[in-house]
Chemist: 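Structure incoming, see below.
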Amino acid sequence: MGEPVSSQFRIVENAKLDARNTFGVAARAPMLVEVANTDALPELFGYAMLRDGPVLVLGGGSNLLFAGDPQGVVLALTAQSIALIEDDGDTAIVRADAGVEWHAFVLWTLGHGLAGLENLALIPGTVGAAPIQNIGAYGVEVREAIHAVHAFDRTTRTMTTLTATQCAFAYRDSVFKHQPDRYVVTSVEFRLSRATRVRIDYAGVGDELTAMGIETPRASQVAEAVCRIRRRKLPDPAVVGNAGSFFKNPIVPLAQAQALVDAHPHAPVFRGADDGTRKLSAAWLIDQCGWKGFREGDAGVAPSHALVLVNHGRATGAELLALARRIAASVEERFGVAIEPEPRIVGARW
């Protein structure tokens, strides 16, 4: 590919990725390309390795598991700008580059008097990953705030903008997951409110605010309550390697959910996307199978949350994947419910 012709990008060969994934597992990329200016993307994707080979876009590395080394180029967008592009006094549109750290962006919006993302505080990762995964927590999904997504379209080698409708958002899903080799998200626009219409009906949030002595919470106080809950429940990736919740909550037909409740009256069940489905708690299913706190070598399950797989030190991605498969198999054997991983698995199939 030759040397970079400008300061818009940097190329590293045989790049270590251990510090670029929150599981902290060892992995290497044949080539890592760090892109400081997305204007360079058409040029970069003109090179054969990016144009014709597999490309993994890597954000904060908080929603993937390296079960093996990536086979092609790893691309990391590093631009960090945030801009208020519209503001009518009631609502505002904010654009953030894909490389901006997500929690830092949430704090930026709150600091500018904007509400809408407070329930999503402390989620690890970057702004660019948020629409891909349609991240969600405590009763809110990011799609509710997304106005538009700017991306580089690899098929046309041009920049494009997708509306929220075109993103085809669903539970932990989007068009970007269905067409992973087409779009490189470069920035995201969010429509946020200056009025405080907080959502505190999700289990635990209201109780936390009460414990904080707050009766009429502001958005920033909801964010603080969410951060307190997350810090108690989820291990810090800087201390113990993990990728947060490893499994999605399964969505099943109403009849199957009812059969589960009939057999296990205390099983948590939530309304699905329509009246014919229900969402089950993957954490409850896994916990009932006895996995919480399990450890084999350095691969294990967090003692505080059954959904979180952890790397206690030197577990390999393959070992963590093997454990995840055993957990899923035990849930299906006992309850007849299939659970699927939330993170992207690189180097192996689920």
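Atoms considered below: every heavy atom in the structure, side chains included; atoms not considered: hydrogens, waters and symmetry mates.
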Chemist: Has the side chain of R278 got a donor or acceptor atom that lies under 3.5 Å from a matching backbone atom of L254?
Modeler: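 Absent.
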
Chemist: Please round to the nearest 0.5 Å and tell me the distance separating atom OG of S245 and atom CG of L309.
Modeler: 10.5 Å

Chemist: Give me the atom names and distance for the closest heavy-atom approach of N249 to A283.
Modeler: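 So the minimum-distance heavy-atom pair works out to OD1-N, 4.4 Å.
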
Chemist: Got V184 and L77 here, is their nearest side-chain heavy-atom distance under 4.5 Å?
Modeler: yes

Chemist: Near H178 NE2, under 6.0 Å, is it more than 12 heavy atoms from other residues, nucleotides or ligands?
Modeler: yes

Chemist: Looking at E34 and R20, is there a salt bridge between them, counting it only when a charged N and a carboxylate O are closer than 4.0 Å?
Modeler: yes

Chemist: Side-chain heavy atoms under 4.5 angstrom apart, residues restricted to Ile, Leu, Val, Met, Phe, Trp, Tyr: same cluster for V198 and I229?
Modeler: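 Same hydrophobic cluster.
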
Chemist: Under 4.5 Å between side-chain heavy atoms, hopping through other hydrophobics if needed: is there a path connecting L307 to V205?
Modeler: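 Different clusters: L307 never reaches V205 through Ile, Leu, Val, Met, Phe, Trp or Tyr contacts under 4.5 Å.
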
Chemist: For residues V94 and H147, determine if any side-chain heavy atom of one lies less than 4.5 Å from a side-chain heavy atom of the other.
Modeler: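 No, every pair of side-chain atoms sits at 4.5 Å or beyond.
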
Chemist: Name the residue from V149, I132, L162, V57 that meets the side-chain contact (heavy atoms from CB on, under 4.5 Å) definition with Y183.
Modeler: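 Answer to the side-chain contact (heavy atoms from CB on, under 4.5 Å) test with Y183 among V149, I132, L162, V57: L162.
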
Chemist: Mark yes or no for whether R334, through its side chain, and G336, through its backbone, hold a donor-acceptor pair below 3.5 Å.
Modeler: no

Chemist: Considering non-hydrogen atoms only, spot the tightest contact between V226 and A121 and give its length.
Modeler: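 Heavy atoms only, the tightest pair is CG1-O, 3.8 Å.
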
Chemist: Evaluate the side-chain contact (heavy atoms from CB on, under 4.5 Å) criterion for residues Y138 and R199: first the C-alpha distance (whole Å), next the side-chain angles of each, then the deciding distance (0.1 Å), finally the verdict.
Modeler: CA-CA 8 Å; Y138 299 100; R199 302 261 288 277; over 6 Å; no

Chemist: Examine W284 and V269 and state if one hydrophobic cluster contains both, with Ile, Leu, Val, Met, Phe, Trp and Tyr joined whenever side-chain heavy atoms are less than 4.5 Å apart.
Modeler: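 Yes, it is one cluster - the side chains of W284 and V269 are joined through contacts under 4.5 Å.
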
Chemist: Establish whether I345 and L56 are linked, either directly or via other cluster members, by ILVMFWY side-chain heavy-atom contacts under 4.5 Å.
Modeler: yes

Chemist: For the CD atom of Q8 and the CG atom of L44, what is their distance to the nearest 0.5 Å?
Modeler: 8.5 Å

Chemist: What verdict does the side-chain contact (heavy atoms from CB on, under 4.5 Å) test give for F169 and I146, after you've listed the backbone C-alpha separation in whole Å, the side-chain angles of each residue and the deciding distance to 0.1 Å?
Modeler: CA-CA 10 Å; F169 291 122; I146 287 180; 3.7 Å; yes

Chemist: Under a 4.5 Å cut-off applied to non-hydrogen side-chain atoms, are H103 and L107 in contact?
Modeler: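 Contact flag for H103/L107 side chains = yes.
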
Chemist: Run I327 and F247 through side-chain contact (heavy atoms from CB on, under 4.5 Å) and show every step you take.
Modeler: CA-CA 10 Å; I327 292 169; F247 293 99; 4.0 Å; yes

Chemist: Out of curiosity, does V222 fall in the hydrophobic cluster containing L110 (side-chain heavy atoms, cut-off under 4.5 Å, transitive links)?
Modeler: no

Chemist: Looking at CG of L323 and CZ of R295, how far apart are the two atoms once the value is rounded to the nearest 0.5 Å?
Modeler: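 Answer rounded to 0.5 Å: 12.0 Å.
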
Chemist: If you draw a 6.0 Å radius around CZ in R314, do more than 12 non-hydrogen atoms from other residues or ligands fall strictly inside?
Modeler: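 Not buried by this count: 12 neighbours or fewer within 6.0 Å.
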
Chemist: Heavy-atom count check: over 12 atoms from other residues, nucleotides or ligands less than 6.0 Å from R218 CZ?
Modeler: no

Chemist: Which pair of non-hydrogen atoms, one from F23 and one from N311, has the smallest distance, and what is that distance?
Modeler: O-ND2, 3.0 Å

Chemist: Strictly distance-based, threshold 3.5 Å: is any side-chain N or O of T78 a donor or acceptor partner for the main-chain N or O of V35?
Modeler: yes

Chemist: Do H264 side-chain atoms and L260 backbone N/O form a donor-acceptor pair below 3.5 Å?
Modeler: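 No, because the side chain of H264 does not come within donor-acceptor range (under 3.5 Å) of the backbone of L260.
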
Chemist: Going by heavy atoms in the side chains, are D97 and V127 under 4.5 Å from each other?
Modeler: no

Chemist: Under 3.5 Å, is there a donor-acceptor pair between the side chain of E319 and the main chain of G317?
Modeler: no

Chemist: Assign the ring pair F190 / F105 to parallel, tilted or perpendicular, where the plane angle (0 to 90°) is split at 30° and 60°.
Modeler: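 It falls in the tilted class, 30° to 60°.
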
Chemist: With rounding to the nearest 0.5 Å, note down the distance linking OG1 in T156 to CZ in F45.
Modeler: 11.5 Å

Chemist: Could you check N63 against I135 for side-chain contact (heavy atoms from CB on, under 4.5 Å), going step by step and ending with a plain yes or no?
Modeler: CA-CA 10 Å; N63 197 49; I135 59 173; over 6 Å; no

Chemist: Report yes or no: does R157 contribute a side-chain atom to a donor-acceptor pair with the main-chain N or O of P42 at less than 3.5 Å?
Modeler: yes

Chemist: Rounded to the nearest 0.5 Å, what separates atom CD in E208 from atom CD in E224?
Modeler: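 So the CD of E208 and the CD of E224 are separated by 8.5 Å.
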
Chemist: Which heavy-atom pair separates F294 from R326 by the least distance, and what is that distance?
Modeler: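 Heavy atoms only, the tightest pair is CZ-NH2, 4.0 Å.
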
Chemist: Taking P124's backbone N and O only, do any of them form a donor-acceptor pair with S62's side chain (distance below 3.5 Å, no angle check)?
Modeler: yes

Chemist: For the pair T22 (side chain) and N242 (backbone), establish whether a donor and an acceptor sit closer than 3.5 Å, ignoring hydrogens and angles.
Modeler: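 Answer holds: yes.
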
Chemist: A side-chain contact here means heavy atoms from C-beta on lying under 4.5 Å apart; do L50 and L41 qualify?
Modeler: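 L50 vs L41: side chains apart.
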
Chemist: Is the side chain of Q80 donor-acceptor paired with the backbone N or O of G99 at a distance under 3.5 Å, no angle test?
Modeler: yes

Chemist: With rounding to the nearest 0.5 angstrom, report the CG to CD distance, N119 to E144.
Modeler: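 It is 9.0 Å, given to the nearest 0.5 Å.
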
Chemist: For residues T316 and V25, report the shortest heavy-atom separation together with the two atoms involved.
Modeler: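 Minimum heavy-atom separation between T316 and V25: C-CG1, 4.1 Å.
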
Chemist: Would you mind reporting whether L75 and V33 have side-chain heavy atoms less than 4.5 Å apart?
Modeler: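 They are in side-chain contact.
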
Chemist: Is the shortest side-chain N to carboxylate O distance from E340 to R172 below 4.0 Å?
Modeler: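 Not counted as a salt bridge, because no side-chain N and carboxylate O are separated by less than 4.0 Å.
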
Chemist: In plain terms, say whether R28 and D69 are close enough for a salt bridge, that is, a side-chain N and a carboxylate O under 4.0 Å apart.
Modeler: no

Chemist: Kindly indicate whether the side chain of K292, heavy atoms from C-beta on, has any atom under 4.5 Å from the side chain of H305.
Modeler: no

Chemist: Would you name the heavy atoms of W350 and R325 that are closest together and state the gap between them?
Modeler: O-NE, 3.3 Å

Chemist: Does any non-hydrogen side-chain atom of R95 lie less than 4.5 Å from one of H150?
Modeler: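 They are in contact (side-chain heavy atoms under 4.5 Å apart), so the answer is yes.
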
Chemist: Distance-only, no hydrogens or angles: does the N21 side chain make a donor-acceptor pair with backbone N or O of D18 under 3.5 Å?
Modeler: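 Yes, because the side chain of N21 sits within donor-acceptor range (under 3.5 Å) of the backbone of D18.
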
